[in-house]
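Hydrogens, waters and symmetry mates are skipped; everything else that's a heavy atom, side chains included, is used.
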Amino acid sequence: MTSDPASGGAESPIEHAFAGGEAQRVGWFRFYFADERWEWSPQVERMHGYEPGTVHPTTELVLSHKHPEDYGQVAATLLEIRRTSGAFSTRHRIIDTVGDVHHVVVVGDQLFDEAGDVVGTHGFYVDVSPSVSQAREDAVTEAVAELAEARGAIEQAKGMLMLIYRIDADAAFELLRWRSQETNTKLRLLAEQLAEDFLNLDYTETLPTRAVLDRLLLTAHQRVSHEV
């Protein structure tokens, strides 16, 4: 259940995880089916080239930022989401207000109202553009160093996310760290659970569908045992 900031309700865990922070490569979004209303976190606004609070995204605006070669794919995904109200993930390019191209991975799941009805989709953007500032690389390196005792589980989960979403090691770590912060779950425990979930899937003939993998990522914290 997620409350609407416009109605004065409490922040959702996703919004709380990003509140007051500096620009990051991960940010949240919400899309309401009934009125085609979008909400972006400050991080997603910056990915598109806007200062936080200066834009009210619509479906038309969202699609206008898609790279011409990826526009059809994203438009089709939106149609499918409206039709099925299901989870989704996509990798595509967006063009910001100054013309810079960003490579993004977008993952979404069902958004429920207080009555338990599906009213939209919500999830996150990860900016996986090749160019990463040295400051960001240093910050990630430092964070990894501080968690050296948990490196095995974290590296394993990172590798799985890199394979599934075709992202680099830094982006995979930042995605793990974001999920840890959002769900208030220790990073090592979350990584261990995620690795266990992926390894327990049936790989006898074909890889599981992306929707299955997305759902595991978004719900891993619910299966973590905190008695450690």
Side-chain angles (χ1 to χ4, degrees), residues 1-129 165 167 171 175 178 182 210-211 214 217-218:
M1 179 177 66
T2 308
S3 61
D4 190 338
S7 65
E11 287 183 328
S12 73
I14 291 178
E15 291 145 350
H16 180 72
F18 289 100
E22 63 178 357
Q24 301 176 51
R25 296 174 66 194
V26 185
W28 59 263
F29 76 92
R30 291 192 289 179
F31 172 44
Y32 294 87
F33 297 147
D35 55 2
E36 296 279 323
R37 178 164 55 93
W38 292 78
E39 295 174 357
W40 283 345
S41 72
Q43 295 78 17
V44 176
E45 287 182 281
R46 291 190 181 100
M47 286 180 201
H48 288 78
Y50 301 101
E51 285 301 310
T54 62
V55 65
H56 299 285
T58 62
T59 298
E60 182 180 3
L61 178 68
V62 170
L63 289 175
S64 74
H65 281 280
K66 305 308 178 185
H67 191 283
E69 294 179 3
D70 298 337
Y71 181 97
Q73 167 205 338
V74 177
T77 299
L78 282 176
L79 288 174
E80 184 68 8
I81 295 167
R82 293 189 192 94
R83 186 181 69 83
T84 65
S85 300
F88 76 95
S89 64
T90 179
R91 182 189 179 108
H92 60 271
R93 291 162 290 179
I94 60 176
I95 302 175
D96 66 22
T97 56
V98 298
D100 290 337
V101 176
H102 299 255
H103 297 250
V104 297
V105 170
V106 183
V107 177
D109 200 0
Q110 293 173 321
L111 175 64
F112 299 93
D113 64 12
E114 295 184 355
D117 297 322
V118 178
V119 295
T121 182
H122 70 153
F124 56 88
Y125 278 68
V126 186
D127 189 336
V128 295
S129 303
Y165 295 110
I167 58 180
L175 179 53
W178 175 69
E182 182 209 339
R210 175 65 68 80
D214 293 341
L217 171 62
L218 293 170

Trainee: Using side-chain heavy atoms (C-beta onward) and a distance below 4.5 Å, is T77 in contact with V106?
Mentor: no
Trainee: Do D214 and Y165 have side chains that get closer than 4.5 Å, going by heavy atoms?
Mentor: yes
Trainee: How far does NE2 of H102 sit from NE2 of H92, to the nearest 0.5 angstrom?
Mentor: 11.5 Å
Trainee: Working to the nearest 0.5 Å, report the span between CG of L218 and CD of E182.
Mentor: 8.0 Å
Trainee: Any side-chain to backbone donor/acceptor pair from Q110 onto S85? Under 3.5 Å, distance only.
Mentor: yes
Trainee: Report the distance from atom CD of E45 to atom NE2 of H56, rounding to the nearest 0.5 Å.
Mentor: 9.0 Å
Trainee: To check you understand the geometry: which heavy-atom pair defines the closest contact between L61 and P57, and what is its length?
Mentor: CD2-CA, 3.7 Å
Trainee: Quick one, I167 and R91 - any side-chain contact, counting heavy atoms below 4.5 Å?
Mentor: yes
Trainee: Compare all side-chain heavy atoms of Y125 with those of M47 and state whether any distance is below 4.5 angstrom.
Mentor: yes
Trainee: When you compare the side chain of D113 with that of Y32, does any pair of heavy atoms fall below 4.5 Å?
Mentor: no
Trainee: Is it the case that the side chain of R82 and the backbone of F33 share a donor-acceptor pair, with hydrogens and angles ignored and the cut-off at 3.5 Å?
Mentor: no
Trainee: Does any non-hydrogen side-chain atom of V62 lie less than 4.5 Å from one of F29?
Mentor: no
Trainee: Minimum heavy-atom separation for V101 and S129, please, with both atom names.
Mentor: O-OG, 4.1 Å
Trainee: With no hydrogens and no angle check, is any side-chain donor or acceptor of R30 less than 3.5 Å from a backbone partner on H122?
Mentor: no
Trainee: Going by heavy atoms in the side chains, are L175 and V105 under 4.5 Å from each other?
Mentor: no
Trainee: Please check if the number of heavy atoms outside Y71 that lie under 6.0 Å from its OH is greater than 12.
Mentor: no
Trainee: Nearest heavy-atom pair of V128 and A171: which atoms, and what distance?
Mentor: CG1-CB, 3.8 Å
Trainee: In terms of the angle between their ring planes, are W38 and F31 parallel, tilted or perpendicular, with boundaries placed at 30° and 60°?
Mentor: parallel
Trainee: W40 vs H48 aromatic rings, parallel, tilted or perpendicular, using cut-offs 30° and 60°?
Mentor: parallel
Trainee: With rounding to the nearest 0.5 angstrom, report the NE2 to CD1 distance, H67 to I94.
Mentor: 11.5 Å
Trainee: For T121 and D109, indicate whether the former's side chain and the latter's backbone hold a donor-acceptor pair under 3.5 Å.
Mentor: yes
Trainee: For K66, which of I95, V104, V74 qualifies under side-chain contact (heavy atoms from CB on, under 4.5 Å)?
Mentor: V74
Trainee: Quick one: pull up CG in L63 and OG1 in T58 and give me the separation to the nearest 0.5 Å.
Mentor: 8.5 Å
Trainee: Does any non-hydrogen side-chain atom of Q43 lie less than 4.5 Å from one of W178?
Mentor: no
